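Structure first, then comments.
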There are 2 protein chains.
Amino acid sequence: MPSTKPRPLAPLYEQIRQLIVAALAAGEWRPGDALPSEAALAERFGASPGTVRRALDELTAEHLVERRQGSGTFVSTHAAPRQQFRFLRLVADDAAGSFTRELLGCRRMRATAEVARALGLRTAEPVIEVRRLLHRRDRPVVLDELWLPERHFEGLTADVIRNHPGALYALFEARFGVHMVRAEEKLRALAAAPEAARLLQVPEGEPLLSVERLAYTYGDRPVELRRGLYHTSADHYRNELN
Amino acid sequence: MPSTKPRPLAPLYEQIRQLIVAALAAGEWRPGDALPSEAALAERFGASPGTVRRALDELTAEHLVERRQGSGTFVSTHAAPRQQFRFLRLVADDAAGSFTRELLGCRRMRATAEVARALGLRTAEPVIEVRRLLHRRDRPVVLDELWLPERHFEGLTADVIRNHPGALYALFEARFGVHMVRAEEKLRALAAAPEAARLLQVPEGEPLLSVERLAYTYGDRPVELRRGLYHTSADHYRNELN
DNA sequence: CAGTGGTCTAGACCACCAT
DNA sequence: TGGTGGTCTAGACCACTGC
């Protein structure tokens, strides 16, 4: 008789972590909401409080939830001030000033082969393209283009963006229930093409930092492709290695 | 009588973590060595095994130690294959091939104001400057310049570097007892100056990715300033945001 | 097989927050 | 003051490593 495969189960805390992520993806708790207490979750999952705590610690490290002593455990939200620029690593050399946004355009289009491949769509599936500029002290610093699968962002228009006071990711989460969890970026140096040069008010050929980002929501599903051009004469991209 | 300040003590696991870091900085265990077992450390610090485990978990997350089930807890070393390129985020677009090193120079000099400030030295204190090229498939891709305080790297010469087969950080750790723990990088796009263009075999003015790195050893002491110029026509700098 | 880290449990006590 | 998360302890059992 062939021995049945022992099927190495994931540890209990990991299973619980995945169940909580699934509940977040299903919208059982929305960004900003409080999760049940450790004791309540322990009961729900039939585990000891220590095991649930371990799962919540992992989720805290991934920034999916945040814990406040005496208060509770809450679903992370990009609306929180500390999360405002969590994914924007560009900082001024003198660490002064913040960004203002200028919307250049928002239109419906069909996915190019490249966009489709990155987002896991079929070619020519409808996507929404957004273009904008970020300024610091009235100087343009970042030219952003981004593409979103229309099926997750139905109804996203220029007006919707203009009427929202906060960051784009806060809008996505509040209006479309899409919370960005993590992202991968590819950086390189490029010479400014004519249009980028005009918008960023630099000479053609000026070296620019190109930042291509793929952003993921709950369950590691890619939902945004973004291409940024950063003018880095008085700003730099800050990174920590460990 | 004025109330004495309650002096909020750090949690026990954090104190233990700091004591272990101090022992690492003092060289009590060298990179690659095994630490005492959890039980032995618990006895040494007068804490329960669970508390010691928590301290070790934090150190594992910082890559100061690595744990191997059934075997023990070991001091991280840059000699390990997995650590070889831990701080080099440049990867080929087609993810193929590795780097070869070419040493351009190694000389003793006096710290410029900028180098002194970054490394926390007095101006004109002696430092060692190293310059090198990294090639992939016989094409130059990275031009690196780095500066090290001489008092931590006495005896570092071109021959010492040439005679060491592994990565620079592995050499630093094996020969000078300086293990790099973490680093901060500032990235920007620059036009290639004449000398950089010649060495990287690109036209003058070619956009290059400039990467300025400050690397820290145990106890967050900066011990290396590095300036890299990356030619990113077929490579990119990869980053993860979370 | 002895020793190590990995998982899971159970419970005590504390610090903090809201009411 | 009651409920929350944060710390610390104690111990059982398992999985893996190396002799």
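Treat the numbers as computed from the prediction; the structure is a model and nothing was measured. Reminder, nothing fancy here: chain letters follow the sequence lines and each chain counts from 1.
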Less than 4.5 Å apart, side chain to side chain, heavy atoms only: is that true for [X] and [Y]?
X: A/Trp29; Y: A/Leu24; answer: yes
X: A/Leu187; Y: B/Thr232; answer: no
X: B/His78; Y: B/Leu171; answer: no

Spacing between [X] atom [atom1] and [N] atom [atom2], to the nearest angstrom:
X: A/Asp57; N: D/dG5; atom1: CG; atom2: P; result: 11 Å
X: A/Gln69; N: D/dG5; atom1: CD; atom2: P; result: 10 Å
X: B/Glu66; N: D/dT17; atom1: CD; atom2: P; result: 14 Å
X: A/Glu43; N: D/dT4; atom1: CD; atom2: P; result: 13 Å

Just the endpoints, please: which first and last nucleotides of DNA chain C, 5' to 3', lie under 4.0 Å from a heavy atom of chain B?
C/dG3 to C/dT7
Measure from the side-chain N and O atoms of A/Arg188 to the backbone N and O of B/Leu209, and report whether any donor-acceptor pair falls under 3.5 Å.
no
Using a heavy-atom cut-off of 4.0 Å across all strands, would you classify B/Arg53 as base, sugar-phosphate, or nothing?
base
When we call it a touch if two heavy atoms are under 4.0 Å apart, what does A/Ala39 touch: a base, just sugar-phosphate, or nothing?
nothing
For A/Arg68 and A/Arg54, take the nucleotide of DNA chain C holding the closest heavy atom to each; which residue's nucleotide lies nearer the 5' end?
A/Arg54
With DNA chain C as reference, determine whether B/Pro36 or A/Ser48 sits nearer its 5' end, using the nearest nucleotide of each.
B/Pro36
Can you check ring pair (Phe, Tyr, Trp, His ring centres under 6.0 Å) on A/His152 and A/Phe176, steps first, answer last?
CA-CA 7 Å; A/His152 290 119; A/Phe176 305 99; over 10 Å; no
Does B/Asp138 have any salt bridge (Lys or Arg N to Asp or Glu O under 4.0 Å) partners at least two apart in sequence or in another chain, and if so, which?
none
